[in-house]
Structures are given as structure tokens and as C-alpha cells.
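In what follows, chains carry the letters A, B, and so on, assigned in the order in which the sequence lines appear, proteins first and then strands, with residues in each chain numbered from 1. No hydrogens, no waters, no symmetry mates; every other heavy atom, side chains included, goes into these values.
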There are 2 protein chains.
Amino acid sequence: MTGITQLGFALLGLINQQPMSGYDLRKVFTTTALGSYSDSPGAIYPALKRLAGRGLVRGSVEKTGALRTRRVFTITPAGLTAFKAWLKRPVTRQDIVRNVDDLLLRFAFMDQALGARHSLRFLEQFAEQVVNYIPELREFVAAHRAEMSVSGRLALECGIEGYRQRLEWARSSIAIYQRRK
Amino acid sequence: MTGITQLGFALLGLINQQPMSGYDLRKVFTTTALGSYSDSPGAIYPALKRLAGRGLVRGSVEKTGALRTRRVFTITPAGLTAFKAWLKRPVTRQDIVRNVDDLLLRFAFMDQALGARHSLRFLEQFAEQVVNYIPELREFVAAHRAEMSVSGRLALECGIEGYRQRLEWARSSIAIYQRRK
DNA sequence: AATGTCATGTAACTAGTTACATGATTTA
DNA sequence: TAAATCATGTAACTAGTTACATGACATT
């Protein structure tokens, strides 16, 4: 266990893109709606404190003339190492079943932090896992079709279609990366 | 605020379909992977206790001969009222942005608890909100395209395609309900 | 003068995670 | 007899939510 939460990794990734204050990070979450992370100060400031306590980010007070002092956070070498280790985690079935959105967040940061070659490898793993998972879901529907209400079945089918769409997305994204090589 | 968590509503919905023990509920979460709810006893048993404490479910000890006593939970009239109120909540932009999966869970229970007419209304609200949200995302990509990495842009596009797919799903589901009338 | 935005934080509460405990019954 | 499954629960920890506090500067 790394002891870093999903929010923690999201913060690390954004700070890695460019140094930012807690307020800036909050704005990113409110305005871009990337992922479903909280923009509440009660989540972000303590999370930054934890990261700083582990030496993964460093906050330096910035006094740009008039306004209240901002703490601008920068990622440390240790922070970058931990962040890259997170990005490099293999794509597991568990991730596909429970945290697809988290995988997409990881992928979003990948090009910049690890380079296109790794992004391509990620997509291949992603596609493979989704390919394996879809038939499982289809079998489940086939087996339980009789006992399900219409809305129950439709909801499940929406989920399956979602995986099919992500698989197509992964394949066309793989093609984009391969064309670039 | 109702003070009932997402997990709480999921449990209420399943118990409403048919009375079940904590162990049965855990199995549902492990085997069906509907939503991303925990199958850990440390989540489910306390949640059931809270529901029982509020009088939303009632647990009765069942002694089917040999095995250890099971507590089978049944939904109470108050529980059913609270559950239906949850299902009837309007579909907001917030739900679309942050909790699409929770909306799908609500929809899955809808036919049985409220009838097809309400499911249809839900789908119409859902489609409307998604229709409004997609252009926002497209504009965001258009505005930030230059600053984004390839994987960053692709991740966002995967999200947008996901909404497009759900919109199509909602429309074809609406058609299914209308044909039935 | 009042409101809004920049900016950081804390405190109380709540619920979920992980890990453990218990014990009976069935199967290998 | 050892292991797996049925079945329920607790305890310690952690992190996120909501709401509040503070205060300077900018705008109306």
C-alpha cells in the first residue's frame, strides 16, 4: 500500500503539470469536472498537507505584491517517483469493474509523465481487460434475463454498451499512437 | 438531507425486491458487480444496522434448521416511502456530471418500485440533461485542445463519447417504453 | 456600504476500509 | 481432520463532507 488516495494522485498529477496553489487546484476541479473529485477545501487542503508531510510536494509561500499569500506547491523527486509508480500499475480486472474513471485519469496524465510508448502499452492492457470482461456481463444478462425488470435489464445493458464504447475508443486510440510512430 | 447513503439506498432497493440477509446482500455485490459497492462486512452490516435503527428495514431471525441463525431483512412502510422518494428525485446536472452510475442504479430499481410510467419520465429527464451537458464538454475540448497532451485529450474524448452513448441508450430505451404503451 | 472573489484553513461528523474474531456445518 | 463455506459482527483507522472562520482586496 502506498497510502496515497485517488485524490492525492490527482493532485500530484496536476502539480506535476505545473506548480499550483490549493485554490488553483480547487478551481481545476470545479471548472473542468475531470473525474468526480471534490472541490471542497476540507478535502483538498488536508490532502495537500498529507502529501507535503510525506515529502511528495513542497509548498512555498508566494507574495505577489498585494493579495493574500498563496502557497504554491511543487512536486518533489520523491513525489514524481510515487506518481510514476502509480501510472505504471498494471491494469487489473478490478480496475475495470470498479474504477474505470480512475483508469482514465491515470491515462490522461500518462503522455506527459511517461511518454507515448507507455500510453500505448496502457491502452493495450486496457483493451485486453475490457475484452475479457464484456462476455462475463453478457452471460450474466443471458442467465438472469427472466428475473429482471425492463429497467433493470436496460440499466445493465447501458453498462455493457459503455464497455463496448470504451473498447472501441481504446482501439482507435491505439491506432492513433501507432500511426505516430 | 435524508441521511441515507448511496449504499443504504442500494440495500433498500435489493431488500425491497425480496427480503435478504446481510450475507445475501454481500453476495449480490460480489457476484453481480452492479455499481461499485463494497462487499465488505464492515460496510454492509453497519449500514443495515443504521437502516434498522431508523425503522426503514426490520430484521427477523430465521432458524432454518441446521445453519447458523440468519437475520433476514424486510423493508418497512417507512423504508419504502424513503426509497420511493429517492427514486423520484429529479435528475440534476450534478448527477450527470458526478454520479451517472448512481442514476443508473436508481433506474434499475424503478420499474418494480414505481412502474414503467415513471421510468419513462426518468429517461426523458436523463436525456435532456445529457443533451445539455455534451456541448459544454465539447466546448471545453475546443478551448483547451492546444494545451492538452494526446492522452489528456483522448481521455476527455472517451468521457464525451460515453455521454453520447448513454444518450443513445436513453433514446432507444424511451422508444421501448413508448412501444409498450 | 455591501457584495463578491481571492485564499487558506479548521472542527465535528460520518461512513467506508482493512483486518480480525467467532463458530457452526459441509466437503475433500 | 483439514479446508471451505455459511453467517454475523466489531475495532481501529482514514479520509471525505459540511459548515464555519478569517481576512484582504475589488467591484458595484
Side-chain angles (χ1 to χ4, degrees), chain A residues 1-12 15 19-31 35-54 56-73 94-95 98-99 101-102, chain B residues 1-12 14-15 19-31 35-54 56-73 94 98-99 101-102:
Chain A
M1 296 295 100
T2 60
I4 304 171
T5 61
Q6 207 60 29
L7 173 64
F9 284 118
L11 295 172
L12 270 183
I15 292 168
M20 281 174 142
S21 69
Y23 193 78
D24 294 332
L25 290 159
R26 281 184 64 198
K27 270 198 298 185
V28 172
F29 290 126
T30 38
T31 59
S36 47
Y37 297 101
S38 171
D39 64 329
S40 83
I44 286 171
Y45 289 107
L48 285 169
K49 212 181 196 176
R50 285 194 297 271
L51 292 173
R54 285 158 182 259
L56 306 177
V57 298
R58 202 181 354 255
S60 57
V61 177
E62 191 190 63
K63 288 186 181 176
T64 50
L67 285 165
R68 184 178 178 175
T69 48
R70 287 156 41 90
R71 288 189 146 271
V72 175
F73 289 91
Q94 271 282 16
D95 294 325
R98 304 187 98 97
N99 310 308
D101 292 342
D102 297 345
Chain B
M1 297 299 101
T2 60
I4 305 170
T5 62
Q6 208 60 28
L7 174 63
F9 284 118
L11 295 172
L12 270 183
L14 290 169
I15 293 168
M20 282 174 141
S21 70
Y23 192 79
D24 294 333
L25 290 160
R26 281 184 63 198
K27 271 197 298 183
V28 172
F29 290 126
T30 38
T31 59
S36 48
Y37 297 101
S38 171
D39 63 328
S40 82
I44 288 172
Y45 289 106
L48 285 169
K49 214 180 196 177
R50 285 194 296 273
L51 292 174
R54 286 158 182 258
L56 306 176
V57 298
R58 203 185 352 257
S60 57
V61 177
E62 191 190 65
K63 286 186 181 174
T64 49
L67 286 164
R68 185 178 177 176
T69 48
R70 290 157 37 92
R71 289 190 143 270
V72 175
F73 290 91
Q94 271 282 17
R98 304 186 99 97
N99 311 308
D101 291 342
D102 297 345

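Within the nucleic acid shown, A:R71 comes within 4.0 Å of sugar-phosphate atoms alone, with no base atom in reach, counting heavy atoms only. Contacts of A:G22 with the nucleic acid, taken as non-hydrogen atoms under 4.0 Å apart, involve only primed sugar atoms and P, OP1 or OP2.
Nucleotide C:dG16 holds its P atom 10 Å from the CG atom of B:L51, rounded to whole Å. As rounded to whole Å, 9 Å separates atom P of C:dT8 from atom CG of A:L25. Spacing between atom CZ of B:F29 and atom C1' of C:dT17 amounts to 16 Å, rounded to whole angstrom units. For the pair B:R26 CZ and D:dG9 C1', the interatomic distance rounds to 11 Å; values are reported in whole Å. If you take CZ of A:R54 and P of D:dT14, they are 9 Å apart, rounded to a whole angstrom. If you take CG of B:D39 and C1' of C:dA19, they are 14 Å apart, rounded to a whole angstrom. For the pair A:R50 CZ and D:dT14 C1', the computed distance is 8 Å after rounding to whole Å. Summarising the geometry, the separation between CG on A:D24 and C1' on C:dT5 is reported as 14 Å, rounded to the nearest angstrom.
Across B:R54 and B:G3, no two heavy atoms sit closer than the pair NH2-O, 3.3 Å. Taking both residues in full, the closest heavy atoms of A:D39 and B:R98 are given as N-NH2, 4.2 Å, listed atom of the first, atom of the second, then distance. Of all heavy-atom pairs between B:S38 and B:A43, the closest is OG-CB, 4.0 Å. Contact between B:L11 and B:A47 at its shortest, heavy atoms only, is CD1-CB, 3.6 Å.
Put simply, B:T5 has no side-chain N or O that comes within less than 4.0 Å of OP1 or OP2 on C:dT14. Contact annotation: B:S40 does not reach the phosphate of C:dG16 (side-chain N/O to OP1 or OP2, under 4.0 Å). Using a 4.0 Å cut-off, some side-chain N or O of A:Y45 falls inside it from OP1 or OP2 of C:dT8. Contact annotation: A:R70 does not reach the phosphate of C:dC6 (side-chain N/O to OP1 or OP2, under 4.0 Å). Note on B:S38: a side-chain N or O is less than 4.0 Å away from OP1 or OP2 of C:dT17. Look at B:K49 and you'll find a side-chain N or O under 4.0 angstrom from OP1 or OP2 of D:dT10.
Residue B:Y23 places its side chain closer to D:dT5 than to any other of D:dA15, D:dT5, C:dG9. The side chain of B:L7 lies closest to C:dG16, out of C:dG16, C:dT8, D:dT8.
Counting heavy atoms from C-beta outward, A:Y37 and A:V28 have side chains that stay 4.5 Å or more apart.
Both A:G8 and B:K27 lie close to DNA chain D; mapped to their nearest nucleotides by heavy-atom distance, the more 5′-ward contact belongs to B:K27.
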